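These notes concern the structure reproduced below.
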Amino acid sequence: MKKQNRAEGTPAQMTAPAAPMAPKPRKKHKHLVRILIALGVVLALLVLFVVPKLFQKPVYPSVNVAAAIKGNVQTSLDTSGIVKSEEVKTYFSPVNATIQELNVREGDPVSEGDKLVVFDLTDLEDKNKEAELQQAASQYGYQDSVQKSREGSADLNDAKANLDTLDQQIREKKDEITRIQDAMNADAIEFQQELEDWKNEQQQAAQSTPVPTATPDPADPNATPVPTPAPTQSPASEMPTYTADAKLQARLESANSELAELQAKKSEYEAKKSSAEASILTGNAASQLKANNELTKLSGLSVEELLEKGREGISADFSGVVTKVSAQQGGPTTQGGELFTISSNKDVVLEINVSKYDLEKIAVGQKAVITMVGKEYTGEVTRINRMASVNEKGTPVVAAEVKFDNPDENIYLGVEAKVSVQGDSAENVVLVPAEAINTGTDGTFCYVVVDGKIAKRMVTTGISSDEYIEVKEGINEGDQVITSVTVNMQEGMQVNPVDENAGAAGAAGAGTDAAQADAAGAVQE
């Protein structure tokens with residue numbers, strides 16, 4: 001019965017124990033969902049990161065390039081210098097007097113003819129009497145020194161000419177004496193040989209004379225043998241004696257006497273030469289003597305002439321600027337005493353210093369534009385020093401001068417001014433930026449981009465401005481030259497060219513070349 005009751009229970013009772021088995025299919029579903037989600041994430045990552053790289057173009061290093069252009073280029077040298085006057089005059093007092101009026105100060109402009117100094121002539125007459133006497137004495141001394149110098153010059157020239165002649169004559173006379181002595185020596189040698197021959201003959205004769213022999217007496221064998229007489233010889237020749245050639249001896253004595261006379265004359269002219277040299281004024285001594293004489297001439301003017309000069313005072317000989325004042329109003333001045341200095345503002349130059357790197361840009365005759373105090377003046381290079389000097393930084397520089405063409409009253413001496421010197425020019429030539437030109441062991445070259453790759457072109461350059469350089473050979477108009485060269489660049493390397501002037505080209509259109517060249521100091525067509 002119990003079994004039946006359990007088996008025959010209600011449906012609810014029968015199904016109740018099976019309820020916990022339902023979640024099993026749900027677990028499998030959730031696991032599948034997680035797998036699908038993971039696969040989706042992986043797929044998304046592949047789509048985001050991997051797939052684009054499969055279709056992305058390779059990335060190459062970027063280089064800045066600029067197109068070679070055609071236009072005009074001109075070399076220019078932009079620098080600054082100091083304005084200086086070419087005509088500078090220092091004025092001196094013609095009299096011993098007191099300055100009654102002094103109408104100048106340093107920096108004042110003056111015009112030609114302006115009366116600048118007026119003298120007080122009250123005591124002039126007494127003060128200049130002594131100067132007249134000094135002038136006379138100085139003049140005589142000067143003339144005497146000059147005369148002695150002239151005579152000394154004449155004596156010196158005479159002595160030099162005669163010494164040259166005497167030296168030649170002495171050489172010739174010594175040669176003559178040598179020839180006579182050689183002839184006499186030859187006679188002596190000939191006599192010596194003759195004497196030797198005579199001695200040899202005597203010796204041979206002595207050796208050929210037979211020695212006497214004794215013959216015994218046949219009748220008396222014990223008797224002393226009787227010598228057999230030697231054959232009679234010819235008498236011996238006399239020994240030769242040396243007699244010097246009388247003519248040669250006389251010639252030798254005469255030549256020695258003449259040589260002594262020539263040497264004595266030479267000594268006289270040498271003494272005359274030394275005396276003449278001592279009396280001749282040197283260049284510095286003559287200049288000093290002349291300057292002293294000029295001063296004494298001024299001091300020795302007559303009282304009337306001095307008074308006249310004093311009344312004239314001092315006037316400006318040309319227009320300019322007073323650059324120095326040494327006198328004082330009310331103060332005394334002496335003859336030859338410095339009063340003031342005027343520098344012309346009509347003959348004016350700009351003095352500049354040029355480094356060795358800019359020397360090729362400047363030449364005499366080149367035109368220039370000078371800017372001073374906001375005003376422009378034209379000028380021309382008139383002088384280039386051929387010797388360098390060292391500036392305050394220790395750098396060798398070459399001084400040059402640019403002369404103003406049109407100076408005016410607005411010129412300020414001693415101030416700094418800017419200048420642009422216009423050099424050589426070339427028209428309608430190929431130009432590249434200066435930074436695109438490189439120099440290696442094999443010469444000058446440019447890197448260009450051809451079909452996205454770097455190529456090296458050897459080039460021949462010409463005129464250059466600050467930013468552009470003319471290329472005569474190796475580059476054509478439109479070539480993309482690399483302006484950002486690095487040590488890692490190699491021929492054949494693939495690169496991404498970036499045109500640094502692309503923006504300007506789009507905005508300016510056909511006028512790009514002109515804008516670029518103007519910025520470089522070049523004038524484009």
Side-chain angles (χ1 to χ4, degrees), residues 84-152 279-347 413-414:
K84 295 186 177 181
S85 176
E86 281 194 303
E87 183 178 5
V88 179
K89 181 176 180 179
T90 299
Y91 290 78
F92 300 90
S93 175
V95 294
N96 294 326
T98 301
I99 298 177
Q100 183 175 335
E101 294 181 17
L102 181 64
N103 302 319
V104 292
R105 292 186 300 175
E106 288 188 10
D108 285 352
V110 296
S111 299
E112 182 179 354
D114 286 352
K115 193 69 166 287
L116 305 180
V117 176
V118 176
F119 295 104
D120 180 359
L121 306 176
T122 304
D123 299 327
L124 179 61
E125 188 171 340
D126 292 339
K127 292 180 180 179
N128 284 278
K129 288 182 179 180
E130 182 181 354
E132 290 180 357
L133 297 175
Q134 291 177 347
Q135 192 275 336
S138 176
Q139 182 67 19
Y140 290 136
Y142 173 73
Q143 292 176 350
D144 182 64
S145 297
V146 170
Q147 182 62 30
K148 287 182 178 179
S149 180
R150 290 174 179 171
E151 293 174 355
S279 65
I280 295 175
L281 292 172
T282 63
N284 290 336
S287 298
Q288 182 181 9
L289 193 63
K290 183 177 181 181
N292 290 335
N293 186 60
E294 291 299 322
L295 289 175
T296 53
K297 279 182 180 180
L298 183 61
S299 65
L301 292 173
S302 68
V303 175
E304 291 77 15
E305 290 174 321
L306 288 172
L307 288 172
E308 183 61 29
K309 285 186 172 292
R311 293 188 187 99
E312 291 174 0
I314 303 293
S315 299
D317 294 329
F318 52 84
S319 299
V321 178
V322 178
T323 55
K324 182 180 180 182
V325 177
S326 303
Q328 292 182 351
Q329 183 166 316
T333 183
T334 58
Q335 290 177 344
E338 184 176 333
L339 298 176
F340 55 86
T341 300
I342 296 178
S343 297
S344 172
N345 57 3
K346 300 300 181 183
D347 294 318
L413 300 178

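Note that the coordinates shown come from a computational prediction; the quantities given were computed from them, not determined experimentally.
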>> Using the side chain to side chain donor-acceptor pair (under 3.5 Å) criterion, which residues pair with D120? Sequence neighbours excluded.
In response: T122

> Do the non-hydrogen side-chain atoms of L339 and I99 ever get within less than 4.5 Å of each other?
Replying inline: yes

>> Checking S85 now: which residues fulfil side chain to side chain donor-acceptor pair (under 3.5 Å) with it, not counting sequence neighbours?
In response: none

>> Taking side-chain contact (heavy atoms from CB on, under 4.5 Å) as the definition, give me every residue that meets it alongside Q329, ordered by chain and number, with sequence neighbours left out.
In response: L102

> Pairs in or reaching into residues 303-341: which pass ring pair (Phe, Tyr, Trp, His ring centres under 6.0 Å), with residues at least two apart or in two chains?
Replying inline: Y91-F340

With a 3.5 Å cut-off and sequence neighbours excluded, list the donor-acceptor pairs that the side chains of residues 105-116 form with protein atoms.
unit_1, atom_1, unit_2, atom_2, d
D108, OD2, R105, N, 2.9
D114, OD2, S111, N, 2.8
K115, NZ, E312, O, 3.3

> Which atoms form the tightest heavy-atom contact between S343 and V88, and what is the distance?
Replying inline: OG-CG2, 3.6 Å

> Applying salt bridge (Lys or Arg N to Asp or Glu O under 4.0 Å), which residue pairs with at least one partner in residues 320-335 are found, sequence neighbours left out?
Replying inline: K324-E338

> Where is the tightest heavy-atom contact between I314 and P94, given as atom of each residue plus distance?
Replying inline: CD1-CD, 4.0 Å

> Say you draw a straight line from CG of L121 to NZ of K309; how long is it, rounded to the nearest 0.5 Å?
Replying inline: 13.0 Å

>> Restricting to salt bridge (charged side-chain N to carboxylate O under 4.0 Å, His left out), what partner residues turn up for E101, sequence neighbours left out?
In response: none

> What pairs with S344 under side chain to side chain donor-acceptor pair (under 3.5 Å), at least two apart in sequence or on another chain?
Replying inline: none

>> I'd like to check the ring-ring contact (aromatic ring centres under 6.0 Å, His included) partners of F119; sequence neighbours left out, ordered by chain and number.
In response: none

> Say you draw a straight line from CG of D347 to NZ of K84; how long is it, rounded to the nearest 0.5 Å?
Replying inline: 16.0 Å

>> The criterion is side chain to side chain donor-acceptor pair (under 3.5 Å); which residues satisfy it with T90, sequence neighbours excluded?
In response: T341

> OG1 of T333 to CG of N96: how many Å apart, nearest 0.5 Å?
Replying inline: 8.0 Å

